S.K.: 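Input: one structure, supplied below.
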Amino acid sequence: MKNRIKELRLKNHLTLRRLGKELDMYDSRISQYETGKRQPNIETWQKLADYFNVSVPYLQGFININIPNNFKFNSKKDAIDCIEKIMKALDISKEDLEKSINDEK
């Protein structure tokens, strides 16, 4: 299974050197993490996840839904996009959601 370190680094327009500087890590070590030649310890996984504002399992490639740490979203649109991805992944329709909300009342 491939982790998402490089994907997120590139998405954020960061070089290995820049990311290393931001995280106080050697860029060669980050490169090894990206290629799978070396595995980060749990503290490093968390440091990387916090930096990219994603969960550790998402960063590790275990799950495909990007849920930011502590459910902090940059915008309402980002939160809605996340909800839509979860609904799609679990095959939940808008009607299912509305019925569930109405059943709660």
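In this text the structure is predicted, and so the values were computed from the model without any measurement.
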S.K.: Test of understanding: clusters of I, L, V, M, F, W, Y form through side-chain heavy atoms closer than 4.5 Å, transitively. Do Val54 and Ile63 belong to the same one?
M.R.: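 Yes, Val54 and Ile63 fall within the same hydrophobic cluster.
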
S.K.: Kindly say whether Leu23 contributes a backbone atom to a donor-acceptor pair with the side chain of Lys47 at under 3.5 angstrom?
M.R.: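 Judged by distance alone, yes, a pair lies under 3.5 Å.
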
S.K.: When you measure from the side chain of Arg38 to the backbone N and O of Arg29, does any donor-acceptor pair fall under 3.5 Å?
M.R.: no

S.K.: When you check the side-chain N and O atoms of Asn12 and Arg18, is any donor under 3.5 Å from an acceptor?
M.R.: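 Asn12 vs Arg18: no donor-acceptor pair found between side chains.
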
S.K.: Quick one: CD on Glu22 to CZ on Arg17, what's the gap to the nearest 0.5 Å?
M.R.: 14.0 Å

S.K.: More than 12 heavy atoms of other residues, nucleotides or ligands under 6.0 Å from NZ of Lys6: yes or no?
M.R.: no

S.K.: Using 0.5 Å steps for rounding, measure from the OG1 atom of Thr15 to the NZ atom of Lys21.
M.R.: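 Between atom OG1 of Thr15 and atom NZ of Lys21 there are 9.5 Å.
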
S.K.: Going hydrophobic residue to hydrophobic residue with side-chain gaps under 4.5 angstrom, can you get from Leu10 over to Leu19?
M.R.: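 No, Leu10 and Leu19 fall in different hydrophobic clusters.
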
S.K.: How many angstroms lie between CD in Gln32 and CG in Asp27, if you round to the nearest 0.5 Å?
M.R.: 10.5 Å

S.K.: For the atom pair NZ (Lys77) and CD (Glu84), what is the distance rounded to the nearest 0.5 Å?
M.R.: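 If we round to the nearest 0.5 Å, Lys77:NZ and Glu84:CD are 8.0 Å apart.
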
S.K.: So with a 6.0 Å cut-off around CG of Asp91, is the heavy-atom count from everything else above 12?
M.R.: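 12 or below, so no.
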
S.K.: Looking at every non-hydrogen atom in both residues, tell me the closest pair between Met25 and Ile30 and how far apart they are.
M.R.: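 So the minimum-distance heavy-atom pair works out to CE-CG1, 4.0 Å.
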
S.K.: Give a yes or no on whether the backbone of Asp96 and the side-chain of Ser100 come within a donor-acceptor separation of less than 3.5 Å.
M.R.: no

S.K.: Does Ile86 share a hydrophobic cluster with Ile101, counting links as ILVMFWY side-chain heavy atoms below 4.5 Å and allowing steps through other members?
M.R.: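 They do share one cluster, since a chain of ILVMFWY contacts under 4.5 Å joins Ile86 to Ile101.
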
S.K.: Any idea which heavy atoms bring Ala49 and Ser55 closest together, and the distance?
M.R.: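 Result for this residue pair: CB-C, 4.0 Å.
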
S.K.: Give, for atom CG of Asn3 and atom CD of Gln60, the distance between the pair rounded to the nearest 0.5 Å.
M.R.: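 Interatomic distance, Asn3 CG to Gln60 CD, rounded to 0.5 Å: 8.5 Å.
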
S.K.: List the atom of Tyr58, the atom of Glu7, and the distance in Å for their closest heavy-atom pair.
M.R.: OH-OE2, 3.9 Å

S.K.: When you check the side-chain N and O atoms of Gln46 and Asp50, is any donor under 3.5 Å from an acceptor?
M.R.: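 There is such a pair between these side chains.
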
S.K.: Give the C-alpha distance, both sets of side-chain angles, the deciding distance and a yes or no for side-chain contact (heavy atoms from CB on, under 4.5 Å) between Phe52 and Arg9.
M.R.: CA-CA 8 Å; Phe52 289 116; Arg9 178 176 61 79; 4.3 Å; yes

S.K.: Would you confirm whether Trp45, through its side chain, and Val56, through its main-chain N or O, come within 3.5 Å as a donor-acceptor pair?
M.R.: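 Side chain of Trp45 to backbone of Val56, a donor-acceptor pair under 3.5 Å: no, none is there.
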
S.K.: Would you say that Leu59 contacts Tyr51 through its side chain, given a criterion of any heavy-atom pair below 4.5 Å between the two side chains?
M.R.: no

S.K.: Would you call Asp81-Lys85 a salt bridge at under 4.0 Å N-O?
M.R.: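 Answer for the salt bridge query: no.
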
